[in-house]
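Heads up, the thing below is written out as structure tokens.
Within every chain, numbering begins at 1; the chains are lettered A, B, ... in the order of the sequence lines, protein sequences first and strands thereafter.
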There are 2 protein chains.
Amino acid sequence: MTHNRLNYIEILHAHGYRVTPQRLAVLDALCAAGGHTTSAEVLARARALDARIDRSTVYRSLDVLVKSGLALTAPGDNAGETRYEIVQESPHHHLRCSRCGTEHELSAASAGAFFRQVEREYGYRLTGDHLVLEGVCPECQKHTAGH
Amino acid sequence: MTHNRLNYIEILHAHGYRVTPQRLAVLDALCAAGGHTTSAEVLARARALDARIDRSTVYRSLDVLVKSGLALTAPGDNAGETRYEIVQESPHHHLRCSRCGTEHELSAASAGAFFRQVEREYGYRLTGDHLVLEGVCPECQKHTAGH
DNA sequence: TCTCTTGCTGCAACGAGTCGCAGGTGGGTG
DNA sequence: CACCCACCTGCGACTCGTTGCAGCAAGAGA
Ligand SMILES: [Mn+2]
Ligand SMILES: [Mn+2]
Ligand SMILES: [Zn+2]
Ligand SMILES: [Zn+2]
């Protein structure tokens, strides 16, 4: 089943990668997970599909999916942790509440004006299309204000 | 010598931490390094000051410095790598060129308008004051254009 | 369908970072 | 200045992610 929207076979081939059962298991695992997922969870889900799949193969497959544009990475909660996400239709960033951990998506368009201003001011053309911005969500602000 | 600007002893005490030779060695190492530094380099520099200091103590000390507000973290070049920096006078973000690796500082004020707009639009109050934004620097853009 | 080549996999070994524990030390109290 | 206890350190063991290698299989070509 894997991915119902993208032609992952063509995409992998177009990037010079072979289509293997292990890579499809990892792709399935990513799709099944939905949103951002830790590599530990991908490993567990992939093993449910193929009990013999090795840890290193899962990491290498995630890398292949990212390089092919089928998956995105995002920094995790704990510094040094990487999370993975099957690529979405529309590019987006994330807002993460540092108190309660919930996340909201931020359309890439919302950041566009800021990116353009940085380009005018510093000459840098910003390419990141999957930022995770830390903040305090409206709910948690209420709770603090309530004290 | 350690830090000539901040009263690190008061700050550590204020956060409930003790002042130990090991923590000062790590603080010294951070100051000596100047800008963003890898934990490996902090470990090496700290060992030059105290040959018996343990790896785990260096990591725990870096954690203490970050929690006390004396140090900042930033994601490193390789995903999963954390860099450290002694806290600066003025809060700032970073622009990193994904081609040549050079970095420029971006004053926190430059991002302020964007942060305020996100707050209006989504209710999130953004707190991150040490972002690392990926992009292509002016130099590298010229080189690409030249082809 | 068969062959051949190249890239992929599983394995084992390694390095970076984390954690529990027993002994040592900072610093508050008198 | 001496005592004491909570906190900290060094150590060892562990986990997570990476890498080199030998055997295996994807898929192009015939
Ligand atoms: Mn996302
Ligand atoms: Mn910085
Ligand atoms: Zn919240
Ligand atoms: Zn550059």
Taking OP1 and OP2 of C:dT25, is either one under 4.0 Å from a side-chain nitrogen or oxygen of B:Gln22? no
Please figure out whether B:Val19 or A:Ala79 has its closest DNA chain C nucleotide nearer the 5' end. A:Ala79
Given the side-chain rings of B:His104 and A:Tyr124, with only the six-membered ring counted for Trp, is the space between their centroids under 6.0 Å? yes
Comparing nearest nucleotides in DNA chain C, the 5'-proximal residue of the pair B:Arg18, A:Val58 is A:Val58
Are B:His130 and B:His93 near enough that their ring centres are under 6.0 Å apart? no
Going by an N to O cut-off under 4.0 Å, is there a salt bridge joining A:Glu41 and A:Arg83? no
Please determine if A:Glu119 and A:Arg116 form a salt bridge, counting it only when a charged side-chain N lies under 4.0 Å from a carboxylate O. no
Which nucleotide, D:dT9, D:dT18, C:dG7, lies nearest any side-chain atom of A:Tyr59? D:dT18
Roughly, in whole Å, what's the span from CD in B:Glu81 to C1' in C:dG15? 13 Å
Assess whether one donor atom and one acceptor atom, taken from the side chain of B:Arg52 and the base of D:dG10, lie less than 3.5 Å apart. no
From D:dG10, C:dT9, C:dG10, pick the nucleotide closest to the side chain of A:Ser61? C:dT9
Measure from CZ on B:Arg83 to P on C:dA16 and round the result to the nearest Å. 18 Å
Mind checking if A:Ser56 touches a base, just sugar-phosphate, or nothing, with heavy atoms under 4.0 Å? base
Side chain of B:Arg60 (C-beta onward), nearest among D:dG10, D:dG17, C:dC8: D:dG10
Please report the distance, rounded to the nearest Å, between NZ in B:Lys67 and P in D:dC8. 11 Å
Within this structure, what is the CZ-to-P distance between B:Arg55 and C:dG15, rounded to whole angstrom? 10 Å
Would you tell me if any nitrogen or oxygen in the side chain of A:Thr20 comes within less than 4.0 Å of OP1 or OP2 on C:dT9? yes
Rounded to the Å, how far apart are B:Leu43 CG and C:dG15 P? 14 Å
Whole-Å distance separating the CD atom of A:Glu10 from the C1' atom of D:dA26: 17 Å
Contact class for A:Arg23 vs. all strands (heavy atom < 4.0 Å): base, sugar-phosphate, or nothing? sugar-phosphate
Atom-pair distance (CG on A:Asp54; P on D:dC24), nearest Å: 16 Å
Going by an N to O cut-off under 4.0 Å, is there a salt bridge joining B:Asp28 and B:Arg45? no
Nearest-angstrom distance from the residue atom CG of A:Leu24 to P of C:dC8: 13 Å
